[in-house]
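Comments concern the structure below.
Residue numbers begin at 1 in each chain, while the letters A, B, ... track the order of the sequences.
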2 protein chains.
Amino acid sequence: MLHEGDNLQILSKLPTGSVDLIYLDPPFFSQRTHRLSSKGAKQKFEFEDTWESIGAYISFLELRLIEMRRVLKDTGSIFLHCDKAASHHIRVLLDKVFGIENFQSEIIWSYKRWSNSKKGLLNNHQNIYFYSKSSDFKFIPTFEAYSATTNIDQIFQKRERNADGKAAYKQSASGDPELMKEKKGVPLSDVWSIPFLNPKAKERTGYPTQKPILLLERIIELTTEPGDMVLDPFCGSGTTLIAAKLLGRSYLGIDKSSDAITLTQARLDAPVKTRSALMEKGVNSYRSKSGLERSRMEMLDIQPVERNKGIDGFAKVGGQIRPIPVLFQKANESLPTAVGKIVRASAKNKFRMGVVIGTENSDVEIREYDSLTIATCGVSDYAEAVKSLDSLLKAIPKDLQSDVEIIAKEPKCDVTLF
Amino acid sequence: MLHEGDNLQILSKLPTGSVDLIYLDPPFFSQRTHRLSSKGAKQKFEFEDTWESIGAYISFLELRLIEMRRVLKDTGSIFLHCDKAASHHIRVLLDKVFGIENFQSEIIWSYKRWSNSKKGLLNNHQNIYFYSKSSDFKFIPTFEAYSATTNIDQIFQKRERNADGKAAYKQSASGDPELMKEKKGVPLSDVWSIPFLNPKAKERTGYPTQKPILLLERIIELTTEPGDMVLDPFCGSGTTLIAAKLLGRSYLGIDKSSDAITLTQARLDAPVKTRSALMEKGVNSYRSKSGLERSRMEMLDIQPVERNKGIDGFAKVGGQIRPIPVLFQKANESLPTAVGKIVRASAKNKFRMGVVIGTENSDVEIREYDSLTIATCGVSDYAEAVKSLDSLLKAIPKDLQSDVEIIAKEPKCDVTLF
DNA sequence: AGGGAGCCTGAATCCTCAA
DNA sequence: GTTGAGGATTCAGGCTCCC
């Protein structure tokens with residue numbers, strides 16, 4: 001169900017204790033008007049986020065949060081999405097309205113985003129405050145995969161405390177370890193790495209500050225079951241309601257803008273969810289390189305590239321990444337094959353030179369392929385790699401020297417990495 | 001230099017405008033006493049973190065923050081480390097003392113830690129507030145590697161706006177792309193993934209709430225240059241000062257506990273920094289499997305194992321990880337070799353059955369190796385894998401059936417992964 | 001009901017032993 | 001002797017249980 005109007009009016013008419021989950025994404029107190037002007041779009045959406053003072057902003061929220069608390073069931077939860085602009089004032093308010101004892105989590109939504117370098121750190125997260133109405137809130141335990149450092153094969157073994165009070169693996173009379181029947185994984189963390197909605201994503205509606213469906217799905221699945229009622233009093237483009245619908249929950253959306261309500265209705269009628277590989281499989285699925293390859297590149301100070309068959313990385317000079325592609329010969333391919341790959345991959349980009357590192361030790365060789373200068377060398381261990389890379393660079397023709405004053409670096413730590 | 005005593009007294013004697021960076025890690029308002037009860041330790045450190053009220057806690061901090069602001073240079077910065085217990089009240093206070101306009105970042109220190117199943121989400125982050133004394137603060141630009149999804153080979157190309165105002169890759173007269181000479185990487189984010197100090201780390205001193213040196217090094221390198229003065233008014237085990245010393249900065253530490261001062265002095269005399277693989281190389285260095293292997297396991301719903309030569313992962317049933325090891329036959333090994341590996345790896349742990357997935361398509365076969373039942377099947381593509389795994393499980397002996405009702409899953413996305 | 005003791009867990013290290 | 005696979009160990013948070 002959708003309502004157009006001031007959410008305070010509409011909330012006050014809703015029955016007490018009728019909602020299982022409230023997610024709200026109010027204006028963040030950014031003190032500016034948000035609009036998205038995608039050239040192709042038929043429609044231009046915008047909303048105001050300018051306030052007289054932080055006090056005015058907080059009073060605005062307070063009136064509404066009091067009503068939200070009222071309409072929430074005793075087992076219900078509320079998720080308030082905000083950012084650094086007012087997160088501290090909002091949490092003080094939430095403590096007041098819902099009670100400190102009902103604070104459950106500060107969820108950090110972290111993402112990578114296109115950057116325009118500024119003085120200081122890039123803002124790559126937003127905050128979501130999770131409060132329950134009571135200690136008896138509904139919560140569906142959710143688990144993640146174990147960390148790569150966890151000894152999963154070990155922790156199947158049951159443990160006990162021995163005479164000294166030390167923990168040790170439990171053993172049956174015969175000396176065999178006793179195993180657990182199953183393991184669940186690790187409880188979900190409060191730091192969520194979910195990609196920011198890419199400017200190119202099909203899911204985008206043109207509405208500013210639109211949130212990814214995946215984020216809302218996670219919130220809904222954590223605290224509700226199918227059929228439960230989900231309320232979004234600042235529904236905007238309607239992402240919360242789309243997610244609720246896709247998961248078989250009932251939903252109620254409020255927004256004061258008729259454009260927003262129209263858009264939401266249209267999205268509900270025909271939901272589009274980006275099947276982005278990044279969203280569904282995570283950034284790790286992009287990592288095509290093994291730990292060995294990655295640590296080898298780290299030691300040679302090479303910036304890895306994950307999406308190109310003919311380029312494993314780019315050489316760095318003094319911390320700067322240079323347009324000099326590097327390729328490692330693979331175990332099942334010949335050196336000429338590897339060279340062919342890097343030449344093909346470099347052609348479009350007009351890189352002037354590249355490096356191929358072979359699997360067998362060999363002297364440095366420099367050859368021209370069309371307009372590309374390729375150096376090949378072989379490594380079997382780190383010292384050799386550095387030495388080869390060094391002599392490789394010394395052997396480079398004079399006119400290319402200025403481009404490639406690579407200094408072979410000391411390894412970053414004493415530990416042998418491969 | 002180290003001072004024992006109440007930092008308010010000692011701060012008030014420090015000259016105005018004499019410090020470049022202040023990092024403080026005050027008690028978090030946890031309302032409990034922190035102690036580390038390591039059995040073997042000679043010494044037991046503890047500190048009180050119980051307060052009459054949040055008001056008392058904030059006043060305590062306010063008096064001290066006012067002095068800290070005074071001793072800071074105009075180009076100086078302060079980093080206040082806290083957690084969800086009082087972060088909102090602390091930020092309100094910082095706004096008051098340093099000015100809203102001098103807020104720079106909310107840094108999220110995120111980490112994985114030994115878990116503690118609870119209702120709700122695991123607390124896996126702490127907050128660090130970064131304020132400057134003025135807009136003219138010292139800041140050393142710092143860069144990270146590009147994300148795995150970035151088209152690095154593309155971003156070397158210069159861009160321009162064409163007639164329609166759209167951005168496009170710049171081309172020379174001959175139609176070739178023009179390349180940038182170098183790229184720096186991505187500016188550092190405000191979400192920092194740095195490992196938590198593990199219970200087994202040599203770097204541990206026995207002092208509770210000890211922070212990793214790596215975290216402090218990053219803060220110091222961001223806002224100071226060699227020779228600059230770093231102040232930690234709640235220095236505890238002295239991590240800030242160790243990091244400052246290692247980076248050639250001057251340092252000043254204050255703590256009211258003489259145990260803490262003694263410990264800090266001892267650490268300064270002989271700094272121990274864990275050369276931990278995780279800290280220095282990141283979690284990805286633990287991933288021994290290629291993207292192909294990992295995505296294959298994801299599709300078959302297998303939990304990967306990274307530390308065992310004879311086990312690639314464990315089978316899941318209904319989302320639960322079961323003690324059923326799975327091994328993929330490698331390209332350069334025979335099926336019997338693979339079976340030998342999984343049998344050896346499983347022997348000590350007394351797993352009852354395992355699965356070997358071969359490289360060639362073949363029917364499912366079940367054989368006994370000592371007390372271990374091994375099922376082998378072959379796959380060459382996804383559809384075949386699902387079919388094989390399915391028939392494999394149907395072929396499993398009756399008495400093991402209850403252990404392995406694996407249902408072959410639908411692929412999670414349309415993209416063909418192998 | 002309230003407080004304290006003890007249990008369970010898994011991340012990440014240390015450390016042993018076999019190749 | 002060297003390496004590295006994998007077995008052993010630590011410990012704080014949050015739970016339960018007991019007094």
Side-chain angles (χ1 to χ4, degrees), chain A residues 104-105 135 139 141 143-162 164-171 177 180 182-187 189-190 291-292 381 415-418, chain B residues 28 30-41 44-46 49-50 83-85 110-124 126 193-210 212 214 272-283 285-286 288 303 305-311 321 325 341 344-350:
Chain A
Q104 298 301 338
S105 287
S135 63
F139 189 84
F143 300 89
E144 295 183 285
Y146 288 97
S147 154
T149 60
T150 299
N151 308 348
I152 301 168
D153 52 324
Q154 265 192 38
I155 61 172
F156 267 114
Q157 299 177 36
K158 288 185 182 161
R159 282 176 285 184
E160 62 187 350
R161 290 199 179 266
N162 62 21
D164 321 337
K166 278 190 181 178
Y169 291 113
K170 205 169 177 176
Q171 295 190 335
M180 311 250 188
E182 55 193 25
K183 305 287 290 184
K184 292 191 175 71
V186 185
S189 156
D190 57 1
L292 172 69
D381 61 79
V415 184
T416 304
L417 292 173
F418 62 103
Chain B
F28 286 1
S30 61
Q31 298 292 33
R32 61 187 201 83
T33 303
H34 289 260
R35 60 171 68 87
L36 212 60
S37 53
S38 50
K39 281 117 200 163
K44 211 184 244 178
F45 299 97
E46 63 174 62
D49 182 18
T50 50
D83 81 352
K84 60 190 169 53
S110 98
Y111 44 80
K112 294 253 171 195
R113 209 167 40 157
W114 53 93
S115 90
N116 39 358
S117 69
K118 62 169 252 188
K119 186 178 179 183
L121 303 166
L122 240 38
N123 302 133
N124 277 351
Q126 292 177 7
S193 194
I194 293 180
F196 197 87
L197 210 51
N198 192 76
K200 289 295 275 183
K202 279 223 185 81
E203 195 176 308
R204 270 204 186 246
T205 59
Y207 196 90
T209 73
Q210 186 184 339
L214 203 66
V272 173
K273 186 178 164 190
T274 302
R275 304 198 73 82
S276 119
L278 178 59
M279 285 207 190
E280 304 205 351
K281 299 188 289 156
V283 75
S285 68
Y286 279 78
S288 54
Q303 157 79 47
V305 168
E306 304 285 355
R307 64 188 296 281
N308 199 308
K309 276 253 141 113
I311 302 175
I321 305 155
K341 277 160 83 176
R344 225 172 302 121
S346 302
K348 289 165 295 219
N349 288 300
K350 296 288 163 187

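- For B:Lys309, the side-chain atoms get nearest to D:dG6 when compared with the rest of D:dC11, C:dA12, D:dG6.
- OP1 or OP2 of D:dG6 sits under 4.0 Å from a side-chain N or O of B:Asn308.
- B:Arg344 has its CZ atom 9 Å from the P atom of C:dA19, to the nearest Å.
- Side-chain atoms of B:Pro199 lie closest to D:dC11 of the nucleotides C:dT13, C:dA12, D:dC11.
- Taking the side chain of A:Met180 as heavy atoms from C-beta on, and the options C:dT9, C:dT13, D:dG13, the nearest nucleotide is C:dT9.
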Could you run down the sub-3.5 Å N/O contacts of the protein with nucleotides 15-18 of chain D?
from   : atom 1 : to       : atom 2 : distance (Å)
D:dC15 : OP1    : B:Lys119 : N      : 3.4

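- Here A:Gln157 pairs with B:Asn349 under the side-chain hydrogen bond (donor to acceptor under 3.5 Å, both in side chains) rule; sequence neighbours left out.
- The two residues A:Gly185 and B:Ile321 have their closest heavy-atom pair at N-CD1, 4.2 Å.
- Contact of A:Arg159 with C:dG10 (side chain to base): a donor-acceptor pair of N or O atoms is detected under 3.5 Å.
- When rounded to the nearest whole Å, the span between NZ of B:Lys200 and P of C:dT13 equals 12 Å.
- Residue B:Arg113 is in sugar-phosphate contact alone, with no base atom involved, counting any heavy-atom pair closer than 4.0 Å across all strands shown.
- In this model, the phosphate group of C:dA12 is approached by a side-chain N or O of A:Ser147 to a distance below 4.0 Å at OP1 or OP2.
- Between the CZ atom of B:Arg204 and the C1' atom of C:dA11 there is a distance of 11 Å, given to the nearest Å.
- A straight line from NZ of A:Lys184 to P of C:dC8 spans 14 Å, rounded to a whole angstrom.
- The distance from atom CD of A:Glu160 to atom C1' of C:dC7 is 13 Å, rounded to the nearest whole Å.
- By the 6.0 Å contact criterion, NZ on B:Lys119 is enclosed, its count of non-hydrogen atoms from other residues, nucleotides or ligands being greater than 12.
- Between B:Phe196 and B:Tyr111, the ring planes are tilted. Angles from 30° to 60° get that label.
- Applying side chain to side chain contact (heavy atoms under 4.5 Å, CB included) to B:Glu203 and the options B:Leu214, B:Asn198, B:Leu197 leaves one that passes, B:Leu197.
- Counting any heavy atom pair closer than 4.0 Å across all strands shown, A:Thr149 reaches a base atom.
- At whole-Å resolution of the value, CD in A:Gln157 and C1' in C:dC8 are 16 Å apart.
- Note on A:Lys158: nothing from the nucleic acid sits closer than 4.0 angstrom, heavy atoms only.
- Residue A:Gln154 has its side chain nearest to D:dG7 when only C:dA12, D:dG7, C:dG10 are considered.
- Looking only at side-chain heavy atoms (C-beta outward), A:Ile152 and B:Gln303 come within less than 4.5 Å of each other.
- Between the CG atom of B:Leu197 and the P atom of C:dG10 there is a distance of 21 Å, rounded to whole Å.
- Contact of the B:Lys118 side chain with the B:Asn123 side chain is registered, since non-hydrogen atoms from C-beta on lie closer than 4.5 Å.
- Place B:Ser115 and B:Asn198 on DNA chain D by their nearest nucleotides, and B:Asn198 ends up nearer the 5' end.
- Residue contacts for B:Asn123: at a heavy-atom cut-off of 4.0 Å it reaches the sugar-phosphate backbone alone, with no base atom in range.
- With a 4.5 Å cut-off on side-chain heavy atoms, B:Ser115 and B:Leu122 count as touching.
- Atom OH in A:Tyr169 sits roughly 7 Å away from atom C1' in D:dG7 (whole-Å rounding).
- Counting non-hydrogen atoms under 4.0 angstrom, A:Gly185 reaches the backbone sugars and phosphates but no base.
- Side-chain proximity of A:Ile155 to C:dA12, C:dG10, D:dG6: nearest is C:dG10.
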